[in-house]
Amino acid sequence: MSISGNIAKVEERIQKACGAAGRKRGDITLMGVSKFVPVNMIEEAWQSGIRCFGESKIQESLAKFETFREDHPELDLHLIGSLQRNKAKKAVLFFDCIQSVDRLELIGELDKFASMRQAAARQAAARQAAALNVLLELHTGEDSKSGFSGFDELFRAAEIVLSGANLKPQGLMTMAPFTEDARLIRGSFRQLVKAQKELERRFPPAENWTCLSMGMSNDFEIAVEEGSTMLRIGGGIFKEQ
Ligand SMILES: *Cc1c(COP(=O)(O)O)cnc(C)c1O
């Protein structure tokens with residue numbers, strides 16, 4: 001199996017979907033979802049140009065990326081799996097972005113620990129950069145029911161994130177249902193876009209909400225058509241095709 005070959009194929013499909021949708025490839029980040037993937041394979045993906053990686057468990061991420069990060073300072077590491085409150089501190093101090101913010105009570109916890117990132121940065125500019133990037137996860141139909149359950153809860157979450165001093169909202173994340181039915185998948189992505197539009201209107205500036213993290217190995221072309229700015233691809237990169 002060749003990881004660089006897999007990435008080339010995924011890349012070709014993204015470019016084709018961009019062409020069909022009249023979008024620019026440069027507006028979309030390709031994340032390698034590296035859960036269960038050993039470091040040597042992550043290194044191969046890095047060699048093929050992937051800089052953003054997604055992990056679902058803290059312990060596994062620390063084990064794999066602590067040293068990796070020292071040798072690869074441009075690493076952009078995101079947490080995409082459900083976060084337990086008692087692990088919030090570890091997560092905040094280790095990840096560049098937490099995409100799986102899915103409960104109101106988690107937000108205060110994240111803000112509290114994010115102030116430790118701020119305190120560690122000596123200059124004002126660095127303090128700005130030390131704010132923790134977060135995405136709000138919206139449940140749009142996928143089975144596990146992770147994510148905020150509706151728009152009201154999502155707006156409340158946005159309010160709390162913006163009232164915190166140490167969190168930087170970047171946008172939204174969702175998982176479409178795992179199905180062959182393209183209409184259901186599309187419906188899920190459209191809900192996320194609709195939520196984004198509402199957030200832009202209610203909680204300007206729009207830059208707070210530019211990232212739409214949607215699209216996985218089985219549905220990323222639909223996600224590109226619907227406006228995704230970040231594709232989270234695991235199997236398509238790291239598994240035998
Ligand atoms: C595992 C996972 C992915 C990647 O799924 P693939 O089908 O392997 O591409 C994307 N997003 C989340 C939240 C995941 O847990």
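Atoms within a ligand are numbered from 1 in the order they appear, just like the ligands themselves.
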Notebook entry, point to check: Do any N or O atoms from the side chain of Glu60 and from the backbone of Phe36 form a donor-acceptor pair under 3.5 angstrom?
Noted result: yes
Item checked: Sequence neighbours excluded, every pair satisfying ring-ring contact (aromatic ring centres under 6.0 Å, His included) that has a member inside residues 129-157 -> Phe151-Phe155
Atom pairs, nitrogen or oxygen, ligand 1 to protein, under 3.5 angstrom:
| residue | atom | partner | partner atom | Å |
| --- | --- | --- | --- | --- |
| ligand 1 | 8 (O) | Gly235 | N | 2.8 |
| ligand 1 | 9 (O) | Ser217 | N | 3.0 |
| ligand 1 | 9 (O) | Ser217 | OG | 2.4 |
| ligand 1 | 9 (O) | Gly234 | N | 2.8 |
| ligand 1 | 11 (N) | Arg232 | NE | 2.8 |
| ligand 1 | 11 (N) | Arg232 | NH2 | 3.4 |
| ligand 1 | 15 (O) | Lys35 | NZ | 2.8 |

Check: Sub-3.5 Å donor-acceptor pair from the side chain of Thr174 to the main-chain atoms of Met214, do we have one?
Finding: no
Notebook entry, point to check: Are the side chain of Asp111 and the backbone N or O of Ala165 linked by a donor-acceptor pair below 3.5 Å?
Noted result: yes
Note to self: Main chain of Glu11, side chain of Arg25: is a donor-acceptor contact present, judged purely on distance under 3.5 Å?
What the structure shows: no
Next item on the list: With the side chain counted from C-beta on, respond yes when Met173 and His78 share a heavy-atom pair under 4.5 Å apart, and no when they do not.
Entry: no
